[in-house]
Amino acid sequence: MLEHLPALQVVLPLVAAPLIVLARSTRFAWLATTAVSYACLVIAALLASRVASGGAFSYALGSWEPPWGIEYRVDALSAFVLVAVSLTASFVAPYARRSIAAELEPDRQYLMYAMYCLCLAGLLGITITGDAFNLFVFLEISSLASYVLIALGRRRQALFAAYQYMLMGTVGATFYVIGVGLLYLVTGTLNLADLADRLRGVEDLRPVLTALAFITVGIGLKLALFPLHQWLPNAYAYAPSMATAFLAATATKVSVYVLLRFYFTVFDPAALFERLPTRETFLALSVAAMIVASLVAVFEEDVKRLFAWSSVGQIGYITLGIGLENQPALTGSIAHLLNHGVTKGAIFLLLGGVALRSGAVSMTVGSLAGLGRRMPLTAFGLVIAGLSLVGVPGTAGFVTKWYLIVGAIERGAWWVVVAILLSSLIAVAYVWRIVEVAYLRAGQGARLEAPVGMLAAGLAMAGLCVYFGFFTSINVAGASDAASFLLRGPQ
Amino acid sequence: MAVTVVAMVLQRNLFSVVVLFSIYSFLMATVLVALDAVDVAMTEAAVGAGVSTVLLLGALHLTGGTEAKRLERPLLPLVLSIAVGAVLAYGSLGLPGFSDPLAPIHTHVAPRYLNEGPRETGVPNIVSAVLASYRGYDTLGETVVVFTAGAGVIALLRRRRNKK
Amino acid sequence: MKDDIILRVVAKLLMPFMLLFALYVQFHADFGPGGGFQAGVIAAAAIVFYALIFGLRAGLRLVAEWVVEKMLAAGVLVFAGVGLAGLLLGGNYLDYFVLGADPVSGQHRGIFWVEVGVLLTVAGVMLKLFYMFAGRARDAGDE
Amino acid sequence: MSAIAAHFSYWVTLFLMIAGLYIIIARGNLMKKLIGLAVFQTSVYLLYIAPGKLVGGTAPIVAEGFATYSNPLPHVLILTAIVVGVATLALGLAITVRIREAYGSIEEDEILERDRADER
């Protein structure tokens with residue numbers, strides 16, 4: 001059975017969804033979701049350990065050898081992202097029970113779980129597949145599921161946010177299909193490894209460069225690459241708490257992964273980075289995201305939207321690695337996929353608890369007044385995760401920034417170093433706003449923590465922020481393997 | 001086809017736009033038949049002209065008919081769309097010409113389906129063979145996409161009995 | 001439309017043929033164009049047609065809403081089940097070769113059941129979509 | 001001239017794409033945007049299918065007496081794409097219907113206006 005783990009990784013959550021719809025029971029839905037999430041984490045860990053010991057391997061679906069059939073390919077990078085996604089899922093699933101019960105009508109709850117399973121399956125499917133078109137199909141599964149997850153938010157703004165996300169997401173996915181189509185027309189194959197192989201023989205580069213542009217913009221829309229991020233703040237702000245936490249921690253990260261995969265393992269980076277101003281473009285956009293989006297966050301009143309803007313900025317850190325294109329910077333970027341996932345996951349999970357107890361549909365910064373007294377543990381967790389967002393030593397966020405700065409220095413890009421420090425200062429400003437209100441301003445209300453299951457999940461994720469700050473054997477070691485894998489270029 | 005599309009852009013009565021969309025889908029299906037894509041043509045006719053039109057009309061019934069006039073800054077979107085088109089045009093110049101038997105798509109991967117498909121799967125309709133077997137996993141994904149949409153619509157449009 | 005005798009008779013007459021045609025498209029896909037998806041759409045269209053002429057309630061009597069909901073889940077399960085069957089019989093996921101006595105018959109069996117799965121889900125979803133939108137319209141009219 | 005003729009199918013794709021994209025960006029009506037999205041998606045169909053055609057070839061159903069067939073792989077891919085497209089459309093319409101119920105309008109600017117009124 002062990003050799004079939006790549007298929008099971010995706011098929012388990014995929015099968016859970018129709019079972020949930022068939023059973024129509026909220027209790028079963030929650031049990032199935034939790035079981036599947038944990039199973040996915042175990043499978044991802046097993047796959048990662050197999051890659052670490054034996055190198056990359058592939059799995060032929062339907063026993064048709066690639067490129068005729070569809071191939072699943074597990075390598076250092078995809079194994080790392082699989083672990084990151086399913087790790088988040090394993091925290092969100094137990095949390096979901098109380099959160100969903102509080103935010104949705106009873107006869108919709110089981111569907112919410114089904115959507116969550118589908119979204120998870122889609123994201124894992126994108127990560128593990130070695131086929132460009134299969135990637136599109138799973139991209140659509142996860143996207144459609146996430147549109148519904150967002151639209152199920154309690155305020156009517158959620159509907160419009162979901163609509164806008166759907167419009168931009170679909171345009172993005174279609175752009176991606178156009179890009180893949182062009183690549184297919186010049187190579188005749190859809191398998192990623194085969195594509196890389198055959199692209200080297202292509203003489204007329206015009207279609208290839210166009211494909212690159214379309215894929216970049218298409219996936220850029222999905223990952224909220226500055227300035228294609230307009231859908232993100234509202235989508236995160238109005239989605240149900242559990243959906244925000246899950247999507248913020250995983251969806252954009254998986255899209256970044258797709259970009260990394262195409263840039264470094266399909267296209268020839270040497271030709272790419274010299275022929276087009278890719279490096280400069282990515283550096284400029286990333287720095288712009290880091291500074292502009294963070295500044296917007298400082299002046300944002302809605303707490304969830306504040307952290308959503310911060311996400312746009314943090315995505316800038318991740319794409320920075322593509323621009324710097326060296327071992328330490330890419331290590332930082334890839335590690336940030338996990339580090340930021342854990343950090344933002346913790347923040348949105350804890351905020352979900354606050355929202356549950358306050359009962360209000362929207363949460364302004366002012367409404368957090370006295371949180372340190374009302375919900376001391378929650379507030380403490382928020383502070384920890386906030387510190388990680390800033391990048392204080394001893395937290396996961398610091399590890400990322402350290403590697404990014406080393407990478408920038410190696411590249412001689414001092415202005416990027418300055419930008420990273422500046423952006424961190426801005427992060428201090430918006431995190432301090434929350435801390436100040438929570439601890440220094442008096443608020444009303446009795447002392448009442450979030451339900452145990454929700455609080456535990458949130459605090460555990462906040463704990464991971466610290467854990468990954470001190471013990472870097474999982475995040476940095478995995479990311480560094482992935483980075484050297486990427487820098488080896490198309491094999 | 002081009003005429004129907006232009007008309008769709010200009011027409012503000014949404015009902016007419018839906019009808020035009022239906023005609024457009026039929027034309028598209030015809031073109032697809034001419035290009036030997038019979039399976040795709042059949043689907044496009046059933047989906048574009050059938051399902052989509054019914055869905056659009058159903059939704060139109062719920063949302064109401066005409067579009068408010070609003071074309072204050074039509075230039076920027078036009079420039080943007082044409083810019084995207086220009087990029088694609090640039091790329092398409094380097095593509096192999098129409099019906100070039102030596103194009104990579106005809107020499108790589110596909111020949112195996114055509115030559116070995118019937119023997120390996122026992123199905124002479126290669127499209128079916130590739131769809132259900134060689135790339136069966138894509139089809140599983142596609143079925144799940146349909147399922148996701150179905151379940152999603154249930155989640156969004158279920159009538160709330162207890163609220164009234 | 002409910003009172004038009006011609007429509008009612010035509011609908012009654014056409015219904016079985018439409019369903020039959022759906023089955024033809026489904027099982028003839030080996031030799032001609034067609035397959036589970038197209039068949040599912042046609043089958044759903046037959047029911048939708050019936051419901052349009054005899055009213056939503058009659059359609060719901062023919063195929064109840066809960067049946068439809070089970071259908072759309074069951075289709076995915078059938079498809080994924082074929083994959084798991086391949087896995088249990090010693091092949092890879094979605095491996096049809098191991099499903100029959102010899103590889104080609106295995107392929108046949110696999111393709112057959114996969115198409116059945118697609119048919120179920122697609123017909124289910126299409127019908128469900130119709131019921132959902134039509135049901136909303138009816139409710140909106142009641143208020 | 002022959003280069004333009006040989007690439008005719010691409011020009012059609014191009015035109016459809018521009019038109020679809022234009023509707024999505026320029027129009028404020030949510031229903032119209034969805035239709036634009038559908039047109040935009042169909043433009044991709046031709047991009048894939050047209051190059052698969054071989055003059056003198058026939059549909060890829062193997063039978064006696066034919067030697068050249070058009071390429072089946074794009075057909076399969078586009079079948080999937082069509083299905084994905086209609087799934088997206090259905091979901092988009094469902095969201096639009098809910099928006100209409102929640103806001104009483106499906107015009108983008110009116111919705112934004114009401115949102116702003118909510119914030120205040």
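Numbers restart at 1 for each chain; the letters A, B, ... are given by sequence-line order, proteins then strands.
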Count the heavy atoms of every other residue, nucleotide or ligand shown that sit under 6.0 Å from CZ of C/Phe17, and state whether that count exceeds 12.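 No, not enclosed.
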Out of the candidates C/Leu72, C/Leu77, C/Val78, only one should pair with A/Pro18 under the side chain to side chain contact (heavy atoms under 4.5 Å, CB included) rule; please name it.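 Only one of C/Leu72, C/Leu77, C/Val78 forms a side chain to side chain contact (heavy atoms under 4.5 Å, CB included) with A/Pro18, namely C/Leu77.
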Non-hydrogen atoms of chain A under 4.5 Å away: do they reach the side chain of C/Phe97, the backbone, both or neither?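 Side chain only.
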Heavy atoms only: give me the nearest A/Val21-C/Glu69 pair and the separation to one decimal.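 Closest heavy-atom pair between A/Val21 and C/Glu69: CG1-O, 4.2 Å.
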Under 4.5 Å from any heavy atom of chain C, what part of A/Val11 do you find: side chain, backbone, both or neither?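 A/Val11 touches chain C through side-chain heavy atoms alone.
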Residues C/Tyr93, A/Tyr59; criterion side chain to side chain contact (heavy atoms under 4.5 Å, CB included); working and verdict: CA-CA 9 Å; C/Tyr93 190 77; A/Tyr59 181 87; 3.6 Å; yes
Kindly indicate whether the side chain of A/Leu61, heavy atoms from C-beta on, has any atom under 4.5 Å from the side chain of C/Asn92.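 In short, these two side chains do not touch, never coming nearer than 4.5 Å.
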Could you tell me whether C/Tyr96 and A/Trp64 have their ring centroids closer than 6.0 angstrom?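 No, the ring of C/Tyr96 stays outside the 6.0 Å limit from the ring of A/Trp64, centre to centre.
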